[in-house]
Protein chains: 4
Amino acid sequence: MDGRDVMNHDVKSQVSDEALVARRRAQIVAAATELFSHQGFYRTTIQDVAKKAGVSAGLIYQYVTDKEDVLLLVLLSVLDSYKTEIPAAIAGLTDPLERFWAAIGAYCRVVDQRREATVLAYRSTKSLPDDRRELIKQSEIETNGMIAACLSDCVKAGLMRDVKVELVTYQLVTFAHSWALKHWRLKEVCGLEEYIAEGFDFFAQALLTPKGRRHQAKIHGRT
Amino acid sequence: MDGRDVMNHDVKSQVSDEALVARRRAQIVAAATELFSHQGFYRTTIQDVAKKAGVSAGLIYQYVTDKEDVLLLVLLSVLDSYKTEIPAAIAGLTDPLERFWAAIGAYCRVVDQRREATVLAYRSTKSLPDDRRELIKQSEIETNGMIAACLSDCVKAGLMRDVKVELVTYQLVTFAHSWALKHWRLKEVCGLEEYIAEGFDFFAQALLTPKGRRHQAKIHGRT
Amino acid sequence: MDGRDVMNHDVKSQVSDEALVARRRAQIVAAATELFSHQGFYRTTIQDVAKKAGVSAGLIYQYVTDKEDVLLLVLLSVLDSYKTEIPAAIAGLTDPLERFWAAIGAYCRVVDQRREATVLAYRSTKSLPDDRRELIKQSEIETNGMIAACLSDCVKAGLMRDVKVELVTYQLVTFAHSWALKHWRLKEVCGLEEYIAEGFDFFAQALLTPKGRRHQAKIHGRT
Amino acid sequence: MDGRDVMNHDVKSQVSDEALVARRRAQIVAAATELFSHQGFYRTTIQDVAKKAGVSAGLIYQYVTDKEDVLLLVLLSVLDSYKTEIPAAIAGLTDPLERFWAAIGAYCRVVDQRREATVLAYRSTKSLPDDRRELIKQSEIETNGMIAACLSDCVKAGLMRDVKVELVTYQLVTFAHSWALKHWRLKEVCGLEEYIAEGFDFFAQALLTPKGRRHQAKIHGRT
DNA sequence: GATGAATGAGGCTTCATTCAT
DNA sequence: GATGAATGAAGCCTCATTCAT
């Protein structure tokens, strides 16, 4: 699924030309993401979004049914970044440990790139009605699944301890998200790459088996 | 600082009788906490809060200047739980490792007790104007400080590796918060105590030095 | 059922004081009736109604859920005039023929008093959602029932031909309504009392039996 | 005046080809009539009309200046049915009484054929600005004139009482319209032809002179 | 001639806040 | 101190109308 697709996802439009729909929605989402991130969903008016997007307020309603739909599109676009970037980062890698670190690193970097949108996703999911919120949860579960699979592969290969995969996955995911959520403080403490490196060190300690440690030593230069 | 105190914290009231102010504010905060948690801050009206608190809408404005003040009081009351419960949990303990686990465990349990309010704090802090948000950040930093001190003591005692204290503190704090934030999923995976136990195991692996491990083995039954 | 009652009929209010509710609704209905009659329902804004009623727009929504509810109240108040005036006009009369003419005359006179509102009722009933429209139809059927009963009594007494009561009732009702509906033209032709007299003559010709005619001759001076 | 003509009546078009104009307008009017009848004028959007007519929204504005113009065309098309059908029904008849009944019967049958549009005309005339509403009134007066002439001829021929022609004309017209206006109830009571028959009986009683009655008896089979 | 995307004014409705009682 | 009716500003959304293609 590419970025285009999200823009046609689940939200009905009055306009039929698909390319136009995708373009307009991208325009709207870009403006909305910035505004929602800075002022919050409820403080941002549709007029604000329209003005920032350089279109009229009425136009927005040709591509969206609701103000809430705008939020949904924004959130889906963030989650979609994850689902696009993580697979891209591990594509071509075969070693389980390398794949694991690559996935975590990619996750952190997407979070960094879309930092404000990530925070927005944390704060605003509950502003959606239940059915649309469900879409978001599903997407989150999918992303977690990618991390969990990498973790699980390491366990199966005897490189990591036999931990509760799902719980540790949450630790990993949360670690990545924290970079955005606590950025106001963390940025005083270290930079992104250092944050990632510290995390690697921490999780290596927590998870690797002796065999994993030896393997890690060998591939170390590459990560 | 006790619960009463928060209710007199920083927000001006038109009523002079301090005991009454504290009582009324507690009433308002209790109602608001539940409503904000379930419906969100913006979807909850002052009339809703008044009705649930069993008072008139006008009354609220005698104890608060703003709707935002209500939110501030709610958030401060959550953060205050942390600042009350964690010291209580480690009072009387002297062993650094025991104090550490007790602090983390206490944190997780307060989060569990005030689960929805914790989520609210995550979501709604940005709904506050900058100056009032600053109050919240300060409170969060204080709480973190308590955890960081425990961690630091363990490091100084040679029981834990010389990690970046602040970063790891964030991981610990986030671990506790995650129980609330991801409760919708985690509750399917395990109960609170199991969650805590798994976390202890994880952090023990990640943090303990060989000396720490031996010490841990000795005190194990007690945690 | 008196006028007060209609004002508490079927529409929920946020305000509990019943007397106040009745007073405010009467205020709103009076303003709305005039505006809806002159400009039509859709051309009239709630702000217009509020201004004419001398209240704020927000206030209206404490006594009504919808703009459509305002229309409903207006229509019910018109229909209620019928249901109040016609029984009053025939109360105390026992002769079937006298009752019949008194009912028709009363109907015409109420229509005349509430001429514009009557036209409004004709035009606007379809602007209501189905369930509320049903209320209106019921009320209309009740009024028709009163006329039909008078007619039926005359038939039973052998004073009128054995016509299809319901069809003739519609003609009688429509005759009364026409005074409002076609007033723009009829007022050039005759006055109200002349209109009524001509109608009596017409319906007498159409309906009375020979016995009825003799009876009519006797009571003539009284009608 | 035929149906085509109405479509060129009084409303300016940007398109010059008259045949095309008439065709397009007929298309638009057909769609609008149905929608206005079912949903009302204000609830129907130009987009709705365009979709039902199978054209674009922009197209409509090449054949009409206003949304109100669409309504005007619709109403004129209804009134035009009357002005076409009634003369057709009495053409070739010479006996005044036969002409009278034929006119009334024709009126009722057109009302039945265009039942919803007739109701629409009742409800929506006031949605037009004064000048355009005047056009409608004129058209109504013309139709009434045809009925009044038939009635007047009967009176002159001594077949009917010397009633106020205009008032009775309204009774007759209203009788026909009622079939549409009260159809929701009348259809439970009788069919169209029975309704007409009852009306004939009623008006015969009300209007015929003894001479008229004898004449009526002779022609009875023919009506 | 036809299209349909774009505009933007305007209306309904909500709700934080006030104030007379 | 408490009430709750009243206010009115503000926002979401609709839809008649235009205009570039």
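Remember, predicted model here, so these are calculated numbers, not experimental data. Values below: all heavy atoms of this structure, side chains included; hydrogens, waters and symmetry mates excluded. Residue numbers begin at 1 in each chain, while the letters A, B, ... track the order of the sequences.
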- Atom CG of C/Asp69 and atom P of E/dC12 are separated, to the nearest Å, by 14 Å
- How does protein contact run along nucleotides 11-21 of chain F, one letter per nucleotide 5' to 3', with B for base contact, S for sugar-phosphate only, - for none, heavy atoms under 4.0 Å? SSBBSSBB---
- Do A/Lys67 and A/Phe41 meet the cation-pi criteria used here (NZ or CZ under 6.0 Å from the six-membered ring centre, within 45° of the axis)? yes
- Send over the distance from D/Ile60 CD1 to E/dG4 C1', rounded to a whole Å. 12 Å
- Nearest-Å distance, CG (C/Leu35) to C1' (E/dC12)? 16 Å
- note: C/Asp48, atom CG; E/dG10, atom C1'; distance rounded to Å ~ 12 Å
- If you count the non-hydrogen atoms of other residues, nucleotides and ligands that lie under 6.0 Å from NZ in B/Lys137, is the total more than 12? yes
- Task: May I ask you to evaluate whether A/Ser56 reaches the phosphate of E/dT7, defined as a side-chain N or O under 4.0 Å from OP1 or OP2?
- Result: yes
- Query: Given that both distances must come in under 3.5 Å, which nucleotide forms a Watson-Crick or G-U wobble pair with E/dA20?
  - Reply: F/dT3
Output side-chain donor-acceptor pairs under 3.5 Å for residues 52-61 of chain C, partner residues at least two apart or in another chain, one line each.
| unit_1 | atom_1 | unit_2 | atom_2 | d |
| --- | --- | --- | --- | --- |
| C/Lys52 | NZ | C/Glu34 | OE2 | 3.4 |
| C/Ser56 | OG | C/Leu59 | N | 3.3 |

- Query: Atom CZ of B/Arg23 and atom P of F/dG1: how far apart are they, to the nearest Å?
  - Reply: 11 Å
- Task: State which residue, out of D/Arg23, D/Arg25, D/Arg24, fulfils the side chain to side chain donor-acceptor pair (under 3.5 Å) condition with D/Gln27.
- Result: D/Arg24
- Under 3.5 Å, is there a donor-acceptor pair between the B/Thr44 and B/Asp48 side chains? no
- Which nucleotide, in any strand shown, forms a Watson-Crick or G-U wobble pair with F/dT14, with both distances under 3.5 Å? E/dA9
- Think B/Tyr63 has a side-chain N or O under 4.0 angstrom from the OP1 or OP2 of F/dA2? yes
- Item | Below 4.0 Å: OP1/OP2 of E/dA6 and any side-chain N or O of A/Arg24 | yes
- Whole-Å distance separating the CD atom of A/Gln14 from the C1' atom of E/dT3: 16 Å
- Is the backbone of C/Ser37 close enough, under 3.5 Å, to the side chain of D/Lys126 for a donor and an acceptor to pair up by distance? yes
- Query: How far apart are the C-alpha atoms of D/Phe36 and D/Ser124, what are their side-chain angles, what is the distance that settles it, and do they pass the side chain to side chain contact (heavy atoms under 4.5 Å, CB included) test?
  - Reply: CA-CA 9 Å; D/Phe36 291 171; D/Ser124 301; 5.9 Å; no
